[in-house]
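Throughout, a chain's letter reflects where its sequence line sits, starting with A, and its residues are numbered from 1.
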Protein chains: 2
Amino acid sequence: MLSKDEEKKISSAVIKRLPRYYRYLGELLENDIERISSKELSVRMDVTASQIRQDLNNFGGFGQQGYGYNVEYLYNEISKILGLEKTYNIIIVGAGNLGQALANYIDFEKSGFVVKGLFDVNPKIVGISVRGLEIQDIDNMEMYVKNKHIDIAVLTLPKQKAPKIANDLAEWGIKGIWNFAPTDLQLKDKSVTIENVHLSESLMTLSYRIKDRV
Amino acid sequence: MLSKDEEKKISSAVIKRLPRYYRYLGELLENDIERISSKELSVRMDVTASQIRQDLNNFGGFGQQGYGYNVEYLYNEISKILGLEKTYNIIIVGAGNLGQALANYIDFEKSGFVVKGLFDVNPKIVGISVRGLEIQDIDNMEMYVKNKHIDIAVLTLPKQKAPKIANDLAEWGIKGIWNFAPTDLQLKDKSVTIENVHLSESLMTLSYRIKDRV
DNA sequence: TGAAATTTGACAGATATTTCACAAAAGACT
DNA sequence: AGTCTTTTGTGAAATATCTGTCAAATTTCA
């Protein structure tokens, strides 16, 4: 049970592990597994049971001594913790290959992320339909964001264009930015949350680990 | 200077920061900035100067007291550390939207990652040309990997198909897997390095941080 | 029903990571 | 040339994170 004045700061290391717990619990659920102990989950996930228990206990005591955790209950609780029971309206800014790929990635919708619009500066692709959505000219974006209660913007555009657009979006009331542009956005409005996906950096860490065998 | 029997294990926290240093140094280089102190870089990057110095010193003393770091030299050193002076042959397995998007992402090539082939099971897209490369049937993949010295496989396919293909690729001598399938691959061959990009998990952590404002 | 086995939640101890602080080296300035 | 300033590299201190342990609660089994 969460206390009313829950102020304890949860470390981001913990937060980053939650989606993985969530994924494994979802798989257990699909396999009609009703309960699971931290020990057994730890074996499947290759982490320590202690870590699982400690992570979960940041948010409340979801288990039962001698029993373990009820899979469905825990799955739903983690869903709530992550905010996945809500629906987020999303736009994708930059409808190139990556933007279109993300628009087509149906799995996001299962977690409550609904793509409402795609925007691009390139007149050649404006009007093209992607998964039932017409790519719009980016000049329409201000009106759209302001009127349609957009929560999250996905930035899949060149790094040169990203900072200005990010600041505009922040001004128009966006809550979060999922940034794929290879740059660190510094927004004036610090209340906007930025999550970076720097694919190049990910690939470089892979390079580091294999370099002596290539 | 690195000692000959360099056995010191570098923490992955450090490794994950290197590409970001590399990116900032690249920008300094583009702006013809010749030298930089850890203090100034720390302001630009919003990390502590101490962390920068400590991170770099895991690999050698690249700076000079009273001077700082020579931008070009440090850039090149980090490039070597990350293994970016090598060329990696890559195939993309799963030529759907995301696979094609990655194939088109020219920036990777700048860092030495060369896309040599795209494969898919779907006969409808086999033969389609993406950036000068024809999508091939996945049945050709074994021969291709074995003959063409492929180092890295990018997995952009459904999670059901990923484990088997990953194991096959490992058997055929691949060194690294850049995995976009939403699953944790457990390979028999432990010498293959796996780097996961779990986009859903990234989006969920964004959700966590904005959920109380949506 | 009662004894044995299981398993959590909590906390303490162990590791890991980050920051601080400063001697020593080099540059900058007069 | 000499003094002052800058700035690194390093070891130590401070934080943060992870793991081990165990009492207490509950389930399981006979």
Outer limits of DNA chain C sitting under 4.0 Å from a non-hydrogen atom of chain A, read 5' to 3', are C:dT6 to C:dC11
When you measure from the side chain of A:Ser207 to the backbone N and O of B:Leu82, does any donor-acceptor pair fall under 3.5 Å? yes
Would you say the side chain of B:Ile78 lies within less than 4.5 Å of the side chain of B:Leu25, judging by non-hydrogen atoms? yes
Pair listing, salt bridge (Lys or Arg N to Asp or Glu O under 4.0 Å) test, anchored in residues 35-47 of chain A, at least two apart: A:Glu40-A:Arg44
Classify the ring geometry of B:Phe113 against B:Phe108: parallel below 30°, tilted from 30° to 60°, perpendicular beyond 60°. perpendicular
Rounded distance (Å) that lies between atom C1' of D:dT8 and atom CG of B:Leu41: 14 Å
According to salt bridge (Lys or Arg N to Asp or Glu O under 4.0 Å), does anything in residues 16-31 of chain B pair up with another residue at least two apart or in another chain? List the pairs. A:Asp184-B:Arg20, A:Asp184-B:Arg23, A:Glu201-B:Arg23, B:Arg17-B:Asp55
So do B:Trp178 and B:Leu155 actually touch side chain to side chain, heavy atoms under 4.5 Å? no
A:Arg213 and B:Thr193: CA distance, side-chain angles, deciding distance, side chain to side chain donor-acceptor pair (under 3.5 Å) verdict: CA-CA 11 Å; A:Arg213 290 180 292 118; B:Thr193 301; 3.1 Å; yes
Do any N or O atoms from the side chain of B:Lys86 and from the backbone of A:Lys211 form a donor-acceptor pair under 3.5 angstrom? yes
Would you tabulate the pairs of protein nitrogen or oxygen atoms and nucleotide nitrogen or oxygen atoms of nucleotides 16-19 of chain D closer than 3.5 angstrom?
{"unit_1": "D:dC18", "atom_1": "OP1", "unit_2": "A:Arg17", "atom_2": "NH1", "d": "3.1"}
{"unit_1": "D:dC18", "atom_1": "OP2", "unit_2": "A:Arg17", "atom_2": "NH1", "d": "3.3"}
{"unit_1": "D:dC18", "atom_1": "OP2", "unit_2": "A:Arg17", "atom_2": "NH2", "d": "2.9"}
{"unit_1": "D:dT19", "atom_1": "OP2", "unit_2": "A:Thr48", "atom_2": "OG1", "d": "3.0"}
{"unit_1": "D:dT19", "atom_1": "O4", "unit_2": "A:Gln54", "atom_2": "OE1", "d": "3.0"}
{"unit_1": "D:dT19", "atom_1": "O4", "unit_2": "A:Gln54", "atom_2": "NE2", "d": "3.3"}

Stepwise, does the side chain to side chain donor-acceptor pair (under 3.5 Å) test hold for A:Tyr69 with A:Ser38? CA-CA 8 Å; A:Tyr69 298 87; A:Ser38 60; 5.4 Å; no
If we only count heavy atoms from C-beta on, is the B:Met204 to B:Leu206 side-chain gap below 4.5 Å? no
If each end axis of the helix from C:dT1-D:dA30 to C:dT30-D:dA1 is fitted on five C1' pair positions, the angle between them, to 10 degrees, is 20°
Distance, rounded to the nearest Å, where A:Gln65 contributes CD and D:dT27 contributes C1': 11 Å
Below 3.5 Å is the cut-off: list the nitrogen or oxygen pairs between protein and nucleotides 28-30 of chain D, distance only.
{"unit_1": "D:dT28", "atom_1": "OP1", "unit_2": "A:Arg35", "atom_2": "NH2", "d": "2.3"}

If only side-chain N and O atoms of B:Asn57 are considered, is one of them under 4.0 Å from the OP1 or OP2 phosphate oxygen of D:dT10? yes
If the plane angle is over 60° it's perpendicular, under 30° parallel, otherwise tilted; pick one for B:Tyr208 and A:Phe59. perpendicular
Closest to the A:Arg53 side chain: D:dT21, D:dA25, D:dT10? D:dT21
Is the side chain of B:Asp189 donor-acceptor paired with the backbone N or O of B:Ser191 at a distance under 3.5 Å, no angle test? yes
Step by step, work out the side chain to side chain donor-acceptor pair (under 3.5 Å) result for B:Glu195 and A:Ser202. CA-CA 7 Å; B:Glu195 170 74 13; A:Ser202 166; 3.0 Å; yes
From CG of B:Asn70 over to C1' of D:dT7, roughly how many Å is that when rounded to an integer? 15 Å
